[in-house]
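Let me begin by presenting the structure, written as structure tokens, before commenting on it.
In this chain, residues are counted from 1 in sequence order. One-based numbering, in listed order, for ligands and for the atoms of each.
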Amino acid sequence: MHRDTVFDLIGIGFGPSNLALAVRLAEEAGNAGNVDLAHCFIERQPEFGWHRGMLLDDCRMQISFLKDLVTLRDPKSRFTFINYLFERGRLADFVNLKSFYPTRVEFHDYLSWVAASFDERVHYGQTVIGIEAIKAAGNANEVDALRVFSRDEEGREWQRVTRALSVGIGGGAQVPEAFAALGSHNIVHSSKYLTSIDRVVGDADGPRKRVAVIGAGQSAAEVFVDLTRRYPHVDASLVIRSSALKPADDSPFVNEIFSPAFTDIVYAQPRDGRRSLIERFRDTNYAVVDRPLIEQIYEMLYMQNVSAEPRHRLLANTGIETAVRTANGQIELTLRDRLSGHARAEQFDALVLATGYRRDTHVELLEGLAPHLGDALAQGNVERDYRLGTPKNFKPRIYLQGCCEDSHGLSDTLLSVLALRADEIVASLARHTSQDRSASRTTQTEENGTSKGRMAFAL
Ligand SMILES: Cc1cc2nc3c(=O)[nH]c(=O)nc-3n(C[C@H](O)[C@H](O)[C@H](O)COP(=O)(O)OP(=O)(O)OC[C@H]3O[C@@H](n4cnc5c(N)ncnc54)[C@H](O)[C@@H]3O)c2cc1C
């Protein structure tokens with residue numbers, strides 16, 4: 001007979017969402033009288049990283065540094081961005097910048113600095129590959145706990161048992177169908193831009209390269225500018241369906257939708273009301289670009305005309321009808337001008353797809369539990385405390401972060417509510433865990449049961 005440690009919580013993914021949760025859990029453990037929650041996190045990357053593939057040198061945060069992992073909940077926490085600056089010896093210099101918007105490189109350093117305090121809790125370099133239900137001893141109709149399977153970089157499989165999950169796996173690359181069929185050769189999603197682009201465009205001494213960037217959002221604009229600046233041998237075309245690059249609305253009244261209190265307002269609406277609120281404010285986050293970057297692009301294109309060397313282009317009002325590989329390995333796009341209706345074919349050496357992110361990757365991750373979840377996953381049935389609404393006989397709690405935009409509003413995929421969301425999740429977890437505490441902290445598992453052939457480790 002083998003006994004597994006039973007965790008109170010396993011966090012899948014260790015991006016900002018679960019990092020904020022780790023901070024809040026540490027506070028919980030430090031306060032006398034609170035429930036001590038046994039927990040760990042499993043992260044695919046070998047070390048902490050926040051969108052490393054888009055960590056361009058001079059790109060700025062699109063959110064105030066005061067919306068860091070903790071400040072909105074506890075400005076006295078040692079994990080504030082201000083304390084990070086202080087400990088790094090840059091607080092006074094940062095003040096002189098007179099900016100609320102640090103570079104992403106600096107914010108990445110801040111997040112890594114916080115993450116370093118939790119190294120012992122995080123299993124880096126392991127990808128969660130599946131989750132199974134564990135039935136209650138003596139009641140085959142009740143699911144009591146979950147077994148989480150992960151695979152490390154050497155291909156070894158691990159398993160851990162938990163009574164709750166926090167799924168914080170972020171988005172998956174959204175690749176439109178027309179491009180998915182072409183394979184990945186010389187086609188890069190923006191999420192892998194920095195790690196792939198050198199290989200794709202080759203060195204500056206080689207032949208000129210024509211690169212199309214597809215998309216009208218912030219990432220597309222950042223990639224376009226980066227290509228024009230760092231690769232003198234690249235002729236870049238930014239292809240957008242809309243008639244112009246549009247600025248993100250970050251005016252103060254509109255920005256209130258990202259306040260934690262707005263989550264209650266969205267959640268209280270019926271399904272249609274939530275959808276219409278999200279649609280009404282969509283231009284705060286999707287297919288929009290920071291105004292200074294738009295102005296930078298406009299000026300760059302203007303200056304090309306002054307020097308009569310028009311190499312880079314913004315192709316507005318342009319729909320992509322087909323994408324095919326040519327015999328010489330290039331990609332031929334059929335581009336239709338959406339105003340004139342005129343279509344033409346153009347060849348490119350490479351594409352960068354800044355086509356956004358899917359927010360449904362948790363469905364695949366939780367697939368092994370589907371027979372026990374009723375229609376909770378299909379219906380996107382999530383409670384206000386971010387718990388998946390599971391049937392009564394399913395006891396484990398599954399908290400979802402970053403995939404509840406439909407129910408909790410536009411801030412769900414962003415950093416804006418992390419500090420408060422972590423607080424809400426830990427409060428819910430502590431409440432339910434203390435109710436469960438009467439149950440045994442260990443569960444018996446059969447050595448050769450559902451986990452046959454996998455390595456079992458008690459952590
Ligand atoms: C380029 C870029 C810039 C952005 N800038 C801002 C900004 O300025 N302000 C803002 O508010 N938001 C911004 N965002 C939005 C972004 O979603 C949030 O900043 C934040 O990353 C959300 O954190 P998360 O932990 O939910 O997701 P992520 O940061 O995506 O982290 C998810 C983690 O889960 C891991 N993971 C995934 N699957 C598995 C698995 N099966 N097993 C184990 N680990 C797994 C991933 O490796 C990753 O580390 C930006 C997004 C991008 C792409």
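- Close approach to S17 involves these atoms of ligand 1, each under 4.0 Å from a residue heavy atom: 23 (O), 24 (P), 25 (O), 26 (O).
- Here the side chains of L301 and L314 are in contact, with some heavy-atom distance below 4.5 Å.
- Between F7 and H39, the gap from one ring centroid to the other reaches at least 6.0 Å.
- Ranking the protein heavy atoms by distance from atom 34 (O) of ligand 1 puts G13 CA, 3.3 Å first.
- For the side chain to side chain donor-acceptor pair (under 3.5 Å) condition, the pairs that include at least one residue of residues 255-265, sequence neighbours left out, are D264-R384.
- By the 4.0 Å heavy-atom criterion, G402 is excluded from the residues contacting ligand 1.
- Using a 4.0 Å cut-off between charged side-chain N and carboxylate O, D235 and R313 make no salt bridge.
- Close contacts of ligand 1 with I63, meaning ligand atoms under 4.0 Å from a residue heavy atom, involve 9 (N), 11 (O).
- Taking distance alone, with nitrogen or oxygen atoms compared against 3.5 Å, R60 stays at or beyond that limit from ligand 1.
- The M54 neighbourhood of ligand 1 comprises atoms 1 (C), with distances under 4.0 Å to a heavy atom of that residue.
- Using a 4.0 Å heavy-atom cutoff, Q401 is absent from the residues neighbouring ligand 1.
- Here the shortest heavy-atom pairing between V175 and L353 reads CG1-CD1, 3.8 Å.
- Taking any N or O of I12, backbone or side chain, none lies under 3.5 Å from an N or O belonging to ligand 1.
- Contact of the T390 side chain with the R397 side chain is not registered, since no non-hydrogen atoms from C-beta on lie closer than 4.5 Å.
- The side-chain tip of R121 does not point at the ring of F41 from less than 6.0 angstrom away and within 45° of straight on.
- At the top of the distance list for atom 20 (C) of ligand 1, counting protein heavy atoms only, stands W50 NE1, 3.6 Å.
- Within ligand 1, the atoms closer than 4.0 Å to a non-hydrogen atom of Q62 are 7 (C), 8 (O), numbered from 1 in the order shown.
- Scanning all protein heavy atoms for the shortest distance to atom 31 (O) of ligand 1 gives G15 CA, 3.5 Å.
- Close contacts between ligand 1 and M61 involve ligand atoms 8 (O) [criterion: under 4.0 Å to a heavy atom].
- By the 4.0 Å heavy-atom criterion, F48 is excluded from the residues contacting ligand 1.
- Under a 4.0 Å heavy-atom criterion, R52 is not in contact with ligand 1.
- Shortest contact from atom 52 (C) of ligand 1 to any protein heavy atom: H51 CD2, 3.5 Å.
- Contact annotation for atom 44 (N) of ligand 1: protein present (non-hydrogen atoms, distance under 4.0 Å).
- Among protein heavy atoms, atom 28 (P) of ligand 1 sits closest to G170 CA, 4.0 Å.
- The salt bridge (Lys or Arg N to Asp or Glu O under 4.0 Å) test with D406 singles out one residue from R275, R274, R271, and that residue is R275.
- Geometrically, R282 engages Y286 in a cation-pi contact defined by less than 6.0 Å to the ring centre and at most 45° from the axis.
- Side chains of E424 and S428 form no contact here, defined as non-hydrogen atoms less than 4.5 Å apart.
- In this structure, D423 pairs ionically with R24, as a charged nitrogen and a carboxylate oxygen lie closer than 4.0 Å.
- At most 12 non-hydrogen atoms from other residues, nucleotides or ligands lie less than 6.0 angstrom from CZ of R291.
- Nearest to atom 12 (N) of ligand 1 among the protein's heavy atoms is L414 CD2, 3.6 Å.
- In this structure, the protein non-hydrogen atom closest to atom 47 (O) of ligand 1 is E43 OE2, 2.6 Å.
- D68 and T71 share a donor-acceptor pair across their side chains, judged by distance under 3.5 Å alone.
- Protein heavy atom nearest atom 18 (C) of ligand 1, with residue, atom name and distance: T413 O, 3.7 Å.
- In the vicinity of Q126, heavy-atom distances shorter than 4.0 Å reach the ligand 1 atoms 43 (C).
- Counting the atoms of ligand 1 from 1 in the order shown, those under 4.0 Å from a heavy atom of I169 are 32 (C), 34 (O), 37 (C), 38 (N), 39 (C).
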